J.: 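Before we start, here is the structure in question, set down as structure tokens.
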Amino acid sequence: MTGTTYHDRWIACTPDAVRIRGYYFPWGTKTIPYTAIRSLRRVEMGVLTGQGRIWGTANPRYWASLDPGRMGKSTALVLDLGGYVRPFITPDDPDAVEAVIRERAHLGAEGRDGGGEGKNRAPVV
């Protein structure tokens, strides 16, 4: 992809937006302009807090994008877009994605953008 600053199988950070493959059924991509991101929260997952969920949710506040490899990951990013549902993503390199989003969405350093339910506690998804 031309102009992509980060790319793995499911997540791409382009100059203008985050693209999440496999967000919509059956395989639709969600494109989120950086200007739409109000805050970003980094969370540590456990089996009951996102790690065991390949796609979807048990909690209507969050939507876990498709990631069959999520069981092997421990960190997720929750994006607050100002609506009721918050995307729950698990990029292969969460540090790189977090850095790109914070820079392009002008969120500043971690912890300065709110986030709501507790800085590092993952929601049940």
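Residue indices begin at 1 and follow the sequence shown. Please read all numbers here as calculations on a predicted model, not as lab measurements.
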J.: Examine W10 and Y24 and state if one hydrophobic cluster contains both, with Ile, Leu, Val, Met, Phe, Trp and Tyr joined whenever side-chain heavy atoms are less than 4.5 Å apart.
T.: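 Yes, because W10 and Y24 connect within a single hydrophobic cluster, where side-chain heavy atoms sit under 4.5 Å apart.
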J.: Do you know which two heavy atoms are closest between S65 and Y23, and how far apart they sit?
T.: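 Distance-wise, the nearest heavy atoms are CB-CD1, 4.0 Å.
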J.: With a 4.5 Å heavy-atom cut-off, do L66 and I54 have their side chains touching?
T.: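 Yes, at least one pair of side-chain atoms sits under 4.5 Å.
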J.: Measure the spacing between CZ of R21 and CD1 of I11 and express it to the nearest 0.5 Å.
T.: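 It comes to 10.0 Å.
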J.: Quick check: do F88 and V43 have side-chain heavy atoms less than 4.5 Å from each other?
T.: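 Heavy-atom side-chain distance check passes, below 4.5 Å.
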J.: Do the side chains of W63 and P87 get nearer than 4.5 Å, heavy atoms only?
T.: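 The answer is no; the side chains never approach within 4.5 Å.
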J.: Could you list the residues that satisfy side-chain hydrogen bond (donor to acceptor under 3.5 Å, both in side chains) with T31, not counting sequence neighbours?
T.: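 Checked T31 against side-chain hydrogen bond (donor to acceptor under 3.5 Å, both in side chains); matches are R19.
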J.: T5 versus T14: any side-chain heavy-atom pair under 4.5 Å?
T.: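 A side-chain contact under 4.5 Å is absent here.
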J.: So which atom in G50 and which in M45 form the shortest heavy-atom distance, rounded to 0.1 Å?
T.: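 Nearest heavy atoms, G50 then M45: C-SD, 3.8 Å.
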J.: Find out whether Y34 and P15 are in side-chain contact, i.e. whether some heavy atom of one side chain is under 4.5 Å from a heavy atom of the other.
T.: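 SC-SC contact between Y34 and P15 ruled out.
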J.: Tell me if a side-chain donor or acceptor on W55 pairs with a main-chain N or O of G22 at a distance below 3.5 Å.
T.: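 It does hold such a pair.
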J.: In Å, rounded to the nearest 0.5 Å, how long is the span from CD1 of I20 to CD1 of I32?
T.: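 Going from the CD1 atom of I20 to the CD1 atom of I32 covers 3.5 Å.
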J.: Got R102 and L40 here, is their nearest side-chain heavy-atom distance under 4.5 Å?
T.: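 A side-chain contact exists here, since the closest heavy-atom pair is under 4.5 Å.
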J.: Rounded to the nearest 0.5 Å, what's the gap from CZ on R86 to CG on N59? Could you check?
T.: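 That separation rounds to 10.5 Å.
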J.: Which residues pass the side-chain hydrogen bond (donor to acceptor under 3.5 Å, both in side chains) test with D92, not counting sequence neighbours?
T.: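 D92 satisfies side-chain hydrogen bond (donor to acceptor under 3.5 Å, both in side chains) with K73 once adjacent residues are dropped.
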J.: Can you name the side-chain hydrogen bond (donor to acceptor under 3.5 Å, both in side chains) partners of D93, sequence neighbours left out?
T.: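 Partners of D93 under the side-chain hydrogen bond (donor to acceptor under 3.5 Å, both in side chains) test: none.
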J.: Within a strict 4.5 Å, meaning less than it, do heavy atoms of the P33 and D16 side chains meet?
T.: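 A side-chain contact under 4.5 Å is absent here.
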J.: Which heavy atom of Y84 sits nearest a heavy atom of R61, and at what distance?
T.: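 Residues Y84 and R61, closest heavy atoms: O-NH1, 2.8 Å.
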J.: Who passes side-chain hydrogen bond (donor to acceptor under 3.5 Å, both in side chains) against T90, sequence neighbours left out?
T.: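 For T90, the residues satisfying side-chain hydrogen bond (donor to acceptor under 3.5 Å, both in side chains) (neighbours in sequence not counted) are D67, R70.
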J.: Between the side chains of D80 and R38, is the shortest nitrogen-to-carboxylate-oxygen separation below 4.0 Å, so that they form an ion pair?
T.: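 The answer is no: the pair does not qualify as a salt bridge.
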J.: Any side-chain heavy-atom pair from S74 and E44 closer than 4.5 angstrom?
T.: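 Sidechains of E44 and S74: in contact.
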J.: Looking at every non-hydrogen atom in both residues, tell me the closest pair between Y6 and D8 and how far apart they are.
T.: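 Nearest pair, atom of Y6 first, then D8: OH-OD2, 2.6 Å.
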J.: Do you know the tightest heavy-atom contact between T57 and R53?
T.: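 What the structure gives for the nearest pair is N-CD, 3.6 Å.
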J.: Please answer: with hydrophobic residues joined when any side-chain heavy atoms are less than 4.5 Å apart, are V85 and V18 in the same cluster?
T.: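 Both belong to a single hydrophobic cluster.
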J.: Go through the structure and list residues passing side chain to side chain contact (heavy atoms under 4.5 Å, CB included) with P94, not counting sequence neighbours.
T.: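 Once residues adjacent in sequence are excluded, the partners of P94 under the side chain to side chain contact (heavy atoms under 4.5 Å, CB included) criterion are R42, T75, P91.
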